[in-house]
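Remember, predicted model here, so these are calculated numbers, not experimental data. Naming convention: chains lettered A, B, ... in sequence-line order (proteins, then strands); numbering from 1 in each chain.
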2 protein chains.
Amino acid sequence: MGDTVQMPFTETRPVPEAPIEPVCCAPASREAIGTDEAERLARLLKAVADPARLRLVSLVAAHADLEACVCDLTEPLGLSQPTVSHHLKVLVDAGILTRDKRGTWAYYRLVPGALGSLAERVLGL
Amino acid sequence: MGDTVQMPFTETRPVPEAPIEPVCCAPASREAIGTDEAERLARLLKAVADPARLRLVSLVAAHADLEACVCDLTEPLGLSQPTVSHHLKVLVDAGILTRDKRGTWAYYRLVPGALGSLAERVLGL
DNA sequence: CCCATAAATTGACATCCATCGATGCAATGG
DNA sequence: CCATTGCATCGATGGATGTCAATTTATGGG
């Protein structure tokens with residue numbers, strides 16, 4: 001601990017705007033997003049970062065009255081009914097779809113602003 | 001095989017616009033996205049659907065000259081250097097970041113239109 | 001030359017996740 | 001009251017994924 005050794009090396013890297021900085025890290029000019037915000041956003045993105053779920057969202061949005069039941073979605077997706085129900089649950093839990101059970105059927109519907117700009121621009125809905 | 005049994009049940013569901021439909025599935029009014037398009041989009045979304053990678057993108061965008069090396073990102077992320085390098089590789093492979101090695105350091109930079117509306121609107125960059 | 005530093009790669013590990021078959025449960029019609 | 005249909009849940013399973021320690025590779029300085 002009582003070493004009198006000077007800093008062994010510590011190369012200086014050419015910092016573009018602030019040439020006084022002794023070490024690597026130049027300071028950020030703006031604020032980056034926090035960990036909690038990142039986790040919240042990641043949860044939403046994970047919900048749609050799947051081919052089956054993207055197609056589900058698109059299929060529901062493309063359907064006649066903007067709603068669809070599981071039996072409407074199983075065949076065009078080419079997946080088993082339990083798998084489709086699983087994906088729908090993920091989307092509902094993420095706040096992207098709503099579930100409305102009427103009689104024997106369960107109708108799924110898009111939550112209007114849930115996907116933000118994603119739906120209108122990226123997905124072209 | 002030679003059964004003469006009639007259709008056993010086949011309940012009719014109230015279809016909102018087309019009351020003639022005999023079975024469940026009402027036709028889609030618009031086209032849904034295809035499987036290949038869904039997979040392509042899902043790959044891009046998977047790349048950012050992670051808290052660490054979201055913060056990496058945000059940190060790079062918030063940095064002084066809009067570029068940053070690994071040593072700039074390891075500490076604020078609180079992850080090991082190999083893990084940060086791994087996430088950066090995922091982002092580069094997805095076409096979201098570019099890697100430019102100058103000397104000992106590797107500088108990462110945002111690809112302008114890669115995230116589409118995601119960057120400007122959802123991430124607030 | 002050898003060493004120090006930056007970063008990528010490797011290997012291992014734990015966890016998550018997409019998928020399916022089987023089962024359970026609710027509602028509806030006969 | 002039973003059979004059928006739509007849908008959710010359970011259990012299992014194979015594959016992807018996030019993380020780290022250890023190692024390797026590249027670069028530059030003494």
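Between the P atom of C:dA6 and the OH atom of B:Y108 lies a distance of 15 Å, rounded to the nearest Å. Atom pair A:L88:CG and D:dG6:P shows a separation of 16 Å (rounding to whole Å applied). Here D:dA8 presents its P atom at 13 Å from OH of A:Y107, a figure rounded to the nearest Å. As a whole-Å value, the separation of B:D72 CG from C:dA7 P is 8 Å. Taking atom CG of B:L79 as the reference point, atom P of D:dT17 lies 17 Å away to the nearest angstrom. Atom P of nucleotide C:dT19 and atom CZ of A:R55 are separated by 12 Å, given to the nearest angstrom.
In this structure, of C:dC20, D:dA22, D:dT19, it is C:dC20 that holds the atom nearest to the side chain of A:S80.
Residue B:R99 has no polar side-chain atom (N or O) positioned under 4.0 Å from OP1 or OP2 of C:dA7. In this model, the phosphate group of C:dC17 is not approached by any side-chain N or O of A:H87 to a distance below 4.0 Å at OP1 or OP2. Contact annotation: B:S85 reaches the phosphate of C:dA8 (side-chain N/O to OP1 or OP2, under 4.0 Å). Between B:T104 and C:dA6 there is no side-chain N or O to OP1 or OP2 distance below 4.0 Å. The side chain of A:T83 contributes no N or O atom lying less than 4.0 Å from OP1 or OP2 of C:dT19. For the pair B:R102 and D:dT27, the criterion of a side-chain N or O lying under 4.0 Å from OP1 or OP2 is not met.
With hydrogens and angles disregarded, a donor-acceptor distance shorter than 3.5 Å links the side chain of A:T74 to the backbone of A:V70. Although no hydrogens or angles enter the test, the distance criterion places a donor-acceptor pair under 3.5 Å between the side chain of B:K46 and the main chain of A:A49.
Taking the nucleotide of DNA chain C with the nearest heavy atom to each of A:D50 and A:G103, the more 5' of the two is matched to A:D50. Positionally, the nearest nucleotide of DNA chain C for B:A106 lies more toward the 5' end than for the other of B:A106 and A:G78. Comparing A:H86 and A:K101 by the nucleotide of DNA chain D whose heavy atom lies nearest to each, the residue mapping closer to the 5' end is A:K101.
Ionic pairing of A:D36 and A:R40 is not present here: no N-O contact between side-chain nitrogen and carboxylate oxygen is shorter than 4.0 angstrom. Salt bridge annotation for B:E67-B:R102: present, with a cationic side-chain nitrogen under 4.0 angstrom from a carboxylate oxygen.
Among A:L91, A:V90, A:L56, A:V111, the single residue meeting the side chain to side chain contact (heavy atoms under 4.5 Å, CB included) criterion with A:L97 is A:L91.
Not a single donor-acceptor contact under 3.5 angstrom links the side-chain atoms of B:Q81 to the base of C:dA6.
Among the atoms of the strands shown, only primed sugar atoms or phosphate atoms (P, OP1, OP2) are found under 4.0 Å from some heavy atom of A:K89.
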